[in-house]
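Quick note on labels: first sequence line is chain A, next is B, and so on, each numbered from 1. Every value quoted in this text rests on a predicted model; they were computed, and no experiment measured them.
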Protein chains: 2
Amino acid sequence: MEEIDRRIVTLLAKDGRMSFTDLAKETGLSVSAVHQRVRRLERRGVVRGYSALVDYDEIGLPLTAFVSIKPIDPAAPDDAPERLSHLDAIESCHSVAGEESYILKVRVASPLDLEELLQQIRASANVSTRTTVVLSTPFDYRPPRIRTDEDAGDAAR
Amino acid sequence: MEEIDRRIVTLLAKDGRMSFTDLAKETGLSVSAVHQRVRRLERRGVVRGYSALVDYDEIGLPLTAFVSIKPIDPAAPDDAPERLSHLDAIESCHSVAGEESYILKVRVASPLDLEELLQQIRASANVSTRTTVVLSTPFDYRPPRIRTDEDAGDAAR
DNA sequence: TATGAAACCTGTGCAGG
DNA sequence: CCTGCACAGGTTTCATA
């Protein structure tokens, strides 16, 4: 991906509703050229979709927690993600290196709902859980800084 | 927030670029009514913004990690978030209950970049770090299920 | 890939209930 | 808080280079 595509993705990550007209102004391309590039980025999966960022307090899900899970039976096949995906309180599921096998991020309305969710997680995936409650969120969902080719050198320096 | 607003937010969380016309169709309201509601939701901060969801592998940041931090000097004033916000590899920063004080989610290009970032984190905020590397991400950024008023009872059951 | 022009569709403001 | 209308501006396609 080269410079202009990077710029487009950066802009759309910051403002997912930016118009093609504005993207064209920012990139110096014509509207149609930008249009083609955005569609291509979507098709290639560089841009996976668009989302409104929501205030979780406002929508009645003020309690966030990280839940690390570990299989009860380490010999059993690991299909935790499929077993957990029906629980829509789970926002994300990452397989991780370390003592536990997955880290989940969950959003619930109350401590009681968290308790119920943890029971569902344990029952659904046959795992033990370790929960870290979020107290506040100084920042979240910051858009990525998209690497330029020069950045590639940074790590080597 | 009542039913129609909830529906609008749900739809925009799933597709941040959905047109007002389509939102109107989905809600049964006129375009202008939807328009007013969306603007109001934005003004009230229920909708905090819009973002393109990006494939981090594709943009050259294939390595994700969770970094838990703990102050070296527990007596010092805790201004870690401000001290860390300039590091744009940090996507999110949550203050948490538990042994550590914050959990950061970071995105970098390589293990070497992760090493460098950890040094910067430790130096910038005078903290120790504990890092959990993400191996794969079965799912992420799932849109929330917005609570209906009936959901309020769930926890009590 | 790029462009400009044409056709069509949306966003937005306003008058009115 | 709703609707419908008007028009400016955005989106999308196409012919062309």
> Stepwise, does the side chain to side chain contact (heavy atoms under 4.5 Å, CB included) test hold for B:L117 with B:D113?
Replying inline: CA-CA 6 Å; B:L117 175 65; B:D113 279 4; over 6 Å; no

>> Please determine whether salt bridge (charged side-chain N to carboxylate O under 4.0 Å, His left out) holds for the pair A:D140 and A:K105, giving the CA-CA distance in whole Å, both sets of side-chain angles, and the decisive distance to 0.1 Å.
In response: CA-CA 13 Å; A:D140 203 357; A:K105 185 178 185 182; 3.6 Å; yes

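Put simply, CD on B:Q36 is 11 Å from P on C:dG13, counting in whole angstrom units. Taking atom CZ of residue A:R37 and atom C1' of nucleotide D:dT12, one finds them 18 Å apart after rounding to whole Å.
Here the side chain of B:T21 pairs no donor or acceptor atom with the backbone of B:V31 at under 3.5 angstrom.
Closest heavy-atom contact between A:A24 and A:V34: CA-CG2, 3.6 Å.
Remark: A:Y56 pairs with no residue by the ring pair (Phe, Tyr, Trp, His ring centres under 6.0 Å) rule, at least two apart or across chains. Residues that satisfy the ring pair (Phe, Tyr, Trp, His ring centres under 6.0 Å) test with A:F20, not counting sequence neighbours, are A:H35.
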Residues 9-18 of chain B side chain polar contacts: donor-acceptor under 3.5 Å, at least two apart:
from  : atom 1 : to    : atom 2 : distance (Å)
B:T10 : OG1    : B:R6  : O      : 2.8
B:D15 : OD1    : B:R17 : N      : 2.9
B:D15 : OD1    : B:M18 : N      : 3.4
B:R17 : NH1    : A:G16 : O      : 2.9
B:R17 : NH1    : A:M18 : O      : 3.2
B:R17 : NH2    : A:M18 : O      : 3.1

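Heavy-atom distances under 4.0 Å link DNA chain D to B:R17 of residues 17-26 of chain B, given in residue order. Applying a 4.0 Å cut-off to non-hydrogen atoms, the residues of residues 38-50 of chain B that approach DNA chain D are B:R40, listed by residue number.
Residues B:I72 and B:S128 form a side-chain contact, since some pair of their non-hydrogen atoms from C-beta on lies under 4.5 Å apart.
For CD of A:E2, the number of neighbouring non-hydrogen atoms (other residues, nucleotides, ligands) closer than 6.0 Å is greater than 12.
Using cut-offs of 30° and 60° on the angle between ring planes, the pair A:Y141 and B:Y141 is tilted.
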Protein-nucleic acid N or O pairs under 3.5 Å, nucleotides 4-8 of chain C:
from  : atom 1 : to    : atom 2 : distance (Å)
C:dG4 : N7     : A:S32 : OG     : 3.2
C:dG4 : O6     : A:S32 : OG     : 2.7

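Side-chain nitrogen and oxygen atoms of A:H35 include none within less than 4.0 Å of the OP1 or OP2 phosphate oxygen of D:dT11.
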